[in-house]
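Below: one structure, written as structure tokens.
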Amino acid sequence: MASQELARKLQRRLQWEEAEEGSPQPASCAFAAREPEPECEPLAWAPTASADAELSAQLTRRLDINEGTARPRRCKVFNPYTEFPEFSRRLIKDLESKFKLYDAGRDGFIDLMELKLMMEKLGAPQTHLGLKNMIKEVDEDFDGQLSFREFLLVFHKAAAGELEEDSGLMALAKLSEIDVAQEGVKGAKHFFEAKVQALSCASKFEAELKAEQDERKREEEKRRLRQAAFRELKAAFST
């Protein structure tokens, strides 16, 4: 549908330009032809040419996507902690672990077959069309698969109340055993409410980071004590 709409727009643009070229010039234009002003002509036609080029590029990419020949666009480096400040560090790490669990190809994406397997393991199998619609709803780069950012977007939309209750994405969010409403935006109905709650995100981020560091230190101390106890036991048997 989108490609057909772009094609119609491009066709209307071309017809309009042909009509402009074939119509007789008014007297003012004839006078301008006798005394040309080079500065005016580029200004008159540059926006049209730019719009045509942009429309043509969009149409070409859409056709490439439909034919499966489109190259994925390069995006800026994705930082989940800054792009999803309403989610805690622990929640993002849990979601990242779940994403990697179902990324069987280890390519950083969940494709259609991997999503099919995920939904089957979660106990909510989907039809082929249902799986394609699930991807389409959050597929921002039109590559037909889910990146980690798009995967997080599923849970963001679920917490913000932007998903249909009986949709496949809502089933994915509910069955993932992660309470996004509590861990994420605290059940906010609108994203702007979540933004208000995320104003203290910087201090919260630092506290969570410190908690992780303290936990690693405790684990290291336990490991050191176990090694010391083992050495003492070994020495006792050696004597």
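These numbers were taken from a predicted model, which means no experiment stands behind them. This chain uses plain numbering: 1 for the first residue, then up along the sequence.
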Cut-off 3.5 Å, no hydrogens considered: what does the side-chain donor-acceptor table look like for residues 144-155, sequence neighbours left out?
{"residue": "Ser147", "atom": "OG", "partner": "Glu150", "partner atom": "N", "Å": "3.3"}
{"residue": "Ser147", "atom": "OG", "partner": "Glu150", "partner atom": "OE1", "Å": "3.4"}
{"residue": "Arg149", "atom": "NE", "partner": "Glu83", "partner atom": "OE1", "Å": "2.7"}
{"residue": "Arg149", "atom": "NH1", "partner": "Glu140", "partner atom": "OE1", "Å": "2.6"}
{"residue": "Arg149", "atom": "NH1", "partner": "Glu140", "partner atom": "OE2", "Å": "3.3"}
{"residue": "Arg149", "atom": "NH2", "partner": "Glu83", "partner atom": "OE1", "Å": "3.0"}
{"residue": "Glu150", "atom": "OE1", "partner": "Ser147", "partner atom": "N", "Å": "2.9"}
{"residue": "Glu150", "atom": "OE2", "partner": "Glu140", "partner atom": "N", "Å": "3.0"}

Among the clusters formed by ILVMFWY side chains lying less than 4.5 Å apart, do Leu117 and Leu112 turn up in the same one? no

Counting distance only, does the side-chain N/O of Gln126 pair as donor-acceptor with the main-chain N or O of Lys116 below 3.5 Å? no

What's the spacing between Lys174 NZ and Met170 CE if we round to 0.5 Å? 5.5 Å

Lys217/Glu221 under salt bridge (Lys or Arg N to Asp or Glu O under 4.0 Å): CA gap, chis, key distance, verdict: CA-CA 6 Å; Lys217 287 180 181 179; Glu221 181 65 17; over 6 Å; no

Mind checking whether Tyr102 and Leu122 have side chains closer than 4.5 Å, heavy atoms only? yes

Is it true that Phe99 and Phe78 fall in one hydrophobic cluster, defined by side-chain heavy atoms closer than 4.5 Å? yes

Show your working on side chain to side chain contact (heavy atoms under 4.5 Å, CB included) between Ile135 and Leu131 and close with a plain yes or no. CA-CA 6 Å; Ile135 293 177; Leu131 292 167; 5.7 Å; no

Output for pair (Met134 CE, Leu129 CG), nearest 0.5 Å, gives 12.0 Å

Return the CZ to CG distance between Phe84 and Asn79, rounded to the nearest 0.5 Å. 11.0 Å

Distance in Å, Leu225 CG paired with Glu220 CD, rounded so as to fall on 0.5 Å steps: 10.0 Å

Of all heavy-atom pairs between Met119 and Ala171, which one has the smallest distance, and what is that distance? CE-CB, 4.3 Å

Ser167 side chain to Leu163 main-chain N or O, any donor-acceptor pair under 3.5 Å? no

Short side-chain to backbone donor-acceptor contact, Asp103 and Ile110, under 3.5 Å: no

Tell me whether Leu101 is reachable from Met113 by hopping between hydrophobic residues (I, L, V, M, F, W, Y) whose side-chain heavy atoms are closer than 4.5 Å. no

Do any N or O atoms from the side chain of Glu114 and from the backbone of Asp111 form a donor-acceptor pair under 3.5 angstrom? yes

Out of curiosity, Leu115 CG to Lys132 NZ, how far, rounded to the nearest 0.5 Å? 13.0 Å

So which heavy atom on Leu91 is nearest to which on Phe87, and how close? CD2-CD2, 3.5 Å

How long is the straight-line distance from CD of Glu86 back to NE2 of His156, given to the nearest 0.5 Å? 5.5 Å

Sequence neighbours excluded, the answer for salt bridge (charged side-chain N to carboxylate O under 4.0 Å, His left out) partners of Arg218 is none

In terms of side-chain geometry, is the basic nitrogen of Glu219 or Arg223 positioned less than 4.0 Å from the acidic oxygen of its partner? no

Spell out, as yes or no, whether a donor-acceptor pair under 3.5 Å connects the side chain of Asn133 to the backbone of Glu137. no

Let's go through Leu169 and Lys157 carefully: what are the C-alpha distance in whole Å and the side-chain angles of both, what is the deciding distance for side chain to side chain contact (heavy atoms under 4.5 Å, CB included) to 0.1 Å, and is it a yes or a no? CA-CA 9 Å; Leu169 291 183; Lys157 285 178 173 288; 5.5 Å; no

